[in-house]
Visitor: 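Questions regarding the structure given below will be posed in turn.
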Amino acid sequence: MITKRIIPCLDMTEGKVVKGIKFEAFRDAGDPVELAEIYDKQGADELVFLDITATVDNRPILLDVVKRTAVKVTIPFSVGGGVRSVDDMRQILINGADKVSVNTGSVRNPELIKKCANTFGSQCVVLSLDAKKVRPKIWNVFIDGGRTDAGLNAIEWAKEAVRIGCGEILLTSIDQDGTKTGFDVELTKIISEAVSVPVIASGGGGKLSDFYDIFSKGKADAALAASLFHFNELTVLQIKDYLEKKGIEVRNET
Amino acid sequence: MIAVVDYGIGNIGSVANTINKLGFKFRITGDPEIIGKSKIIILPGVGSAAAGMANLKKLNLAETITDQLRNRKPFLGICLGMQLLFDYSEEGKVECLGFIKGKVLKFKKMKKVPHIGWNRVSFKSNGFKYSQGFKANSYFYFVNSYYCEPADKSIVAGTTDYGESFASVIIRNNLLATQFHPEKSGITGLYLLNNFFKHYL
């Protein structure tokens, strides 16, 4: 059967990988292409690049990083940040990415998802959804790198995005981001069970058991982490060895 | 020379990058003459079957490709490039190239479609031709909502399970077709491609 995926995430700004806590207090974590190659060799299933300041700086994504990564890595990777049009998406795909994630641009203009899916196929349109709890069991969508409450219910937006053509959801819990106290199991389970596309859980992974919980209880299809990997606190291989022992099927043959 | 067929669909860049890594000469082309002169043809592709067929016809490539296949030119079909070889696809209810008897059907037993991620391919003995260097039940990277169901089961060289067992590899004469993306399947994918290219170059 299909395996659960472990995905290192490279949050970039100005060509450098950075990592923050709850979308703030960023510190430098190195060169994106070098890190991408290391994770590929460690057995990462996929890579995610997010240009986290492209939207607020109102500038195009770093296509040069995309291009240099594409010639080096042997696994799929997605790229997101500041995608506002079909043409933005085309540029990213032409430079070698396999998928493109849309976030703020698609909340402001849902047609973007539909147009991109019709042009390139749903399989390469990933909805990046940043959610924050506003009341018990209620999460809202936040945009502009977590700065603005879009006033949308996260579950409803996830369902709508799938209906209009996104092929996967990258679900980040702003509450858990960078805390290393565990993924948001409750939120992930609700969204994963509400939609018919794979859900990548993001935000809060800190210890091995967090990864087991997000797959077994949270019903995630993939789990994403960043600083854990950048600062060598855990490796992809350690997580996979652990999950395999716990009876979760992963690709573990490197 | 390997001809990577450019028919305006899918991510040809990643196929090109991978051939580059392996060090083989290739051309990305939609020119029937260059395709005819090549030693190996690759039909890549992501996206919908209807759009794929429409583009092949619009660019006058449908006939070139079937002619080359009939002449047993070494041929690699990847993902949509595999599905288009069949008679018919449920995706957009479209007639395809009809080089392989059978249909392309939608996954019906699993809640999550597309089937995205790494899944096992169990190679059968007829698939061992290109499987040197990796285990016969290795993982490959898939992104598909539809799968191929050939009428002649003897051409199935590998199977994968996603709620139902489906043909993830087909081998017939000099044709290799994979539902997964070998160009995105890490070292294992590189082995498979290298084995196939070396067999004919």
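Below, chains carry the letters A, B, ... as their sequence lines are ordered, and counting in each starts from 1.
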Visitor: If every non-hydrogen atom of B:Tyr139 is compared with every non-hydrogen atom of A:Thr3, which pair is closest and at what distance?
Guide: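 In this case the closest contact between B:Tyr139 and A:Thr3 is CE2-CG2, 3.2 Å.
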Visitor: Test B:Lys21 against A:Thr74 for side-chain hydrogen bond (donor to acceptor under 3.5 Å, both in side chains), laying out the working first.
Guide: CA-CA 9 Å; B:Lys21 272 183 209 127; A:Thr74 64; over 6 Å; no
Visitor: Check each atom of A:Lys67 against the heavy atoms of chain B and say whether the ones under 4.5 Å are side chain, backbone, both or neither.
Guide: neither
Visitor: Below 4.5 Å from any heavy atom of chain B, which atoms of A:Asp221 appear? Answer side chain, backbone, both or neither.
Guide: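 For A:Asp221, the side chain is the part near chain B, not the backbone.
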Visitor: Looking only at atom types and distance, does a side-chain atom of B:Lys111 sit under 3.5 Å from a main-chain N or O of A:Glu193, one as donor and one as acceptor?
Guide: yes
Visitor: Kindly indicate, with the supporting measurements, whether the criterion side chain to side chain contact (heavy atoms under 4.5 Å, CB included) is fulfilled by A:Met1 and B:Met110.
Guide: CA-CA 11 Å; A:Met1 277 303 288; B:Met110 297 296 283; 3.3 Å; yes
Visitor: Show your working on side chain to side chain contact (heavy atoms under 4.5 Å, CB included) between B:Arg120 and A:Arg251 and close with a plain yes or no.
Guide: CA-CA 9 Å; B:Arg120 265 191 209 285; A:Arg251 177 182 71 114; over 6 Å; no
Visitor: Counting heavy atoms not belonging to B:Lys124, are there more than 12 under 6.0 Å from its NZ?
Guide: yes
Visitor: Between A:Pro198, A:Ser196, A:Gly121, who has the most heavy-atom pairs with chain B when the cutoff is under 4.5 Å?
Guide: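 Looking at each of A:Pro198, A:Ser196, A:Gly121 in turn, A:Ser196 comes out on top.
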Visitor: Tell me, side chain or backbone of A:Val199 under 4.5 Å from chain B's heavy atoms, or both, or neither?
Guide: both
Visitor: Heavy atoms only, distances under 4.5 angstrom: which of A:Ala222, A:Gly96, A:Ala70 has the most pairs with chain B? Name it, please.
Guide: A:Ala70
Visitor: To the nearest 0.5 Å, tell me how far A:Leu93 CG sits from B:Ser14 OG.
Guide: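 The OG atom of B:Ser14 is 10.0 Å from CG of A:Leu93, to the nearest 0.5 Å.
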Visitor: Is it the case that over 12 heavy atoms from other parts of the model lie below 6.0 angstrom from the NZ atom of B:Lys93?
Guide: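 Atom NZ in B:Lys93 is not packed in, count stays at 12 or less.
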Visitor: Between B:Ser138 and chain A, with a heavy-atom cut-off of 4.5 Å, which part of the residue counts as in contact: side chain, backbone, both or neither?
Guide: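 Both backbone and side chain.
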Visitor: Look at atom NZ of B:Lys108 and say whether more than 12 heavy atoms of other residues, nucleotides or ligands are closer to it than 6.0 Å.
Guide: yes
Visitor: Counting only heavy atoms closer than 4.5 Å, note whether A:Lys4 contacts chain B via side chain, backbone, both or neither.
Guide: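 Contact with chain B is absent: no heavy atom of A:Lys4 under 4.5 Å.
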Visitor: How close do A:Ile2 and B:Ile116 get, heavy atom to heavy atom, and via which atoms?
Guide: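 Shortest heavy-atom separation between A:Ile2 and B:Ile116 comes out as CD1-O, 3.2 Å.
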Visitor: Give a yes or no on whether B:Lys129 atom NZ has more than 12 heavy-atom contacts from other residues, nucleotides or ligands under 6.0 Å away.
Guide: yes
Visitor: Does B:Glu63 CD have over 12 foreign heavy atoms under 6.0 Å away?
Guide: no
Visitor: So with a 6.0 Å cut-off around CZ of A:Arg68, is the heavy-atom count from everything else above 12?
Guide: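 Yes.
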Visitor: Could you state the interatomic distance from CG (A:Asp98) to CD (B:Glu183), rounded to the nearest 0.5 Å?
Guide: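 One finds 8.0 Å between CG of A:Asp98 and CD of B:Glu183.
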Visitor: For the candidates B:Asn119, B:Asp161, B:Thr160, which exhibits the highest count of non-hydrogen atom pairs separated by less than 4.5 Å from chain A?
Guide: B:Asn119
Visitor: Give, as side chain, backbone, both or neither, the part of A:Ala97 having an atom under 4.5 angstrom from any heavy atom of chain B.
Guide: backbone
Visitor: Between A:Ser192 and chain B, with a heavy-atom cut-off of 4.5 Å, which part of the residue counts as in contact: side chain, backbone, both or neither?
Guide: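 Both backbone and side chain.
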Visitor: Looking at side-chain heavy atoms only, is the closest gap between B:Trp118 and A:Pro76 below 4.5 Å?
Guide: yes
Visitor: Check the surroundings of atom CZ in B:Phe123: do more than 12 heavy atoms from other residues, nucleotides or ligands lie under 6.0 Å from it?
Guide: yes
